[in-house]
Amino acid sequence: MERYHDPFELDEHSYKESSELSVFETNIRFVGGLLALYALTGDKMYKEKVVKIADKLLPAFNTPSGIPNSMVNVRTGGSRNWGWASGGCSILAEFGSFHLEFVYLSEITGNPVYREKVNKIREVLNQLEKPDGLYPNYLNPKTGRWGQQHVAIGALGDSFYEYLIKSYVQSGNKDELAKKMYFDAVQAMEKKMLQKSKSGMVYLAEYKSGRLEHKMDHLGCFCGGMFALGAEHSEDKAKYMKLGADIAHTCHESYDRSATKLGPEAFRFDGQTEAKSIRQNEKYYILRPEVLETHFYMWRFTKEQKYRDWAWEAVNALNKHCKVDGGFTGIRDVYQEHGSQDDVQQSFFLAETLKYLYLTFSEDTVIPLNKWVFNTEAHPFPIQGANTVKEIES
Ligand code: DMJ
């Protein structure tokens, strides 16, 4: 029988070919997943495993600025950025999404190294001059300077904003700098990017070198839930709850305006077009969670039946268009009732999409939001001071 090979038990003879990992994806999926398992079970074994993985990522943080590179070679410790990223830059959503995991790692291991890495990223971002208060999606780890001036709540920006407010929540409302950076960033986006369509739909457009592109990614639809979570900590709770509800409505429209009742990868507001995709390469749905994530938060915070109804519509659509033998698949065009399928079940379907659906139809006592905070892959971490984990030997 073939021995199970733990990919993180590497020696110089293993994995000569494919030893490069995305530092961000490994963190949010593997480090985050194991940390949540540790938190939920108290089993020490998960802590030992997660440290091994996290330590393989650390060399990526050895850059002149402390902003990590996107990829690390777990065999050699070398790291580099994606070839497609503007001018050798690191990506905001990637290097801005380590805080929750690394703070918790330091807390449970007593090793400060992880916290030091994310505090350094925080310090760099806080000190940098932001154009109009906005955070561009690209930052050069060698020079510590911004790259291309592209700002987005969707792809390349998304979870950076999410981790600011969630770091504040995770700290038991103590991390005031995270809260300030979150509300400053959100207010800048409200000023420059928040739009209302002809029919009154609210959305966050993209900002490219001072010009707006009237498009919202499916990925950006998580922000309805984020605004609702942030509202709890704002002096203007009503405003941010309304913003969360408005985004939930817009993102639901992007589902409702398709033949499958599933939403496209990106939708636009352009002339007659409202909340629909007009480009063929933006019409696919790959089982993403963000719209359902927002419905989950809106349900927990408002108890308005429509959020459960919208979630249930998606359950029916998933069963009708994505269910196949052995699992679920993405579809290539949400506007075609009988279009083709991509034959891929992304790991976030189980980690996030089904989890947020399950929680939308559960009691609030299942992972209560005053005790737990979800990382960007929906792995729950304890809120400091509200939740204690009793460690056990497996
Ligand atoms: C997930 O991997 C995470 O939520 C990430 O932050 C971006 N979105 C994907 C799923 O769509």
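These values consider heavy atoms only, across backbone and side chains, with no hydrogens, waters or symmetry-generated copies. For ligands, and for the atoms within them, numbers begin at 1 and follow the listed sequence. Quick caveat, the model's predicted, so the values are computed rather than measured.
- For ligand 1, the atoms lying closer than 4.0 Å to a non-hydrogen atom of Arg29 are 2 (O).
- The protein heavy-atom contact nearest to atom 8 (N) of ligand 1 is Glu290 OE2, 3.1 Å.
- Contact annotation: for Pro289 versus ligand 1, heavy atoms closer than 4.0 Å belong to the side chain alone.
- The protein heavy atom nearest to atom 5 (C) of ligand 1 is Thr376 OG1, 3.8 Å.
- Contact annotation for Glu352 and ligand 1: only side-chain heavy atoms (C-beta onward) come within less than 4.0 Å of the ligand.
- Side-chain contact between Trp372 and Leu40 is present, with heavy atoms from C-beta onward closer than 4.5 Å.
- Ligand 1 places these atoms under 4.0 Å from at least one heavy atom of Leu219: 7 (C), 8 (N), 11 (O).
- Looking at heavy atoms from C-beta onward, Arg80 lies in side-chain contact with Glu20 at the 4.5 angstrom threshold.
- Tracing side-chain contacts under 4.5 Å through hydrophobic residues (I, L, V, M, F, W, Y), one never reaches Leu229 starting from Leu292; they form parts of separate clusters.
- Looking at Lys242 and Asp246, a side-chain N of the basic residue comes within less than 4.0 Å of a carboxylate O on the acidic one, giving a salt bridge.
- Here Glu377 has side-chain heavy atoms under 4.0 Å from ligand 1, and that is the only part of it that gets that close.
- Residue pairs that meet the disulfide (SG to SG under 2.5 Å) test with at least one member in residues 334-394, sequence neighbours left out, do not exist here.
- Here Glu253 pairs with Arg257 under the side chain to side chain donor-acceptor pair (under 3.5 Å) rule; sequence neighbours left out.
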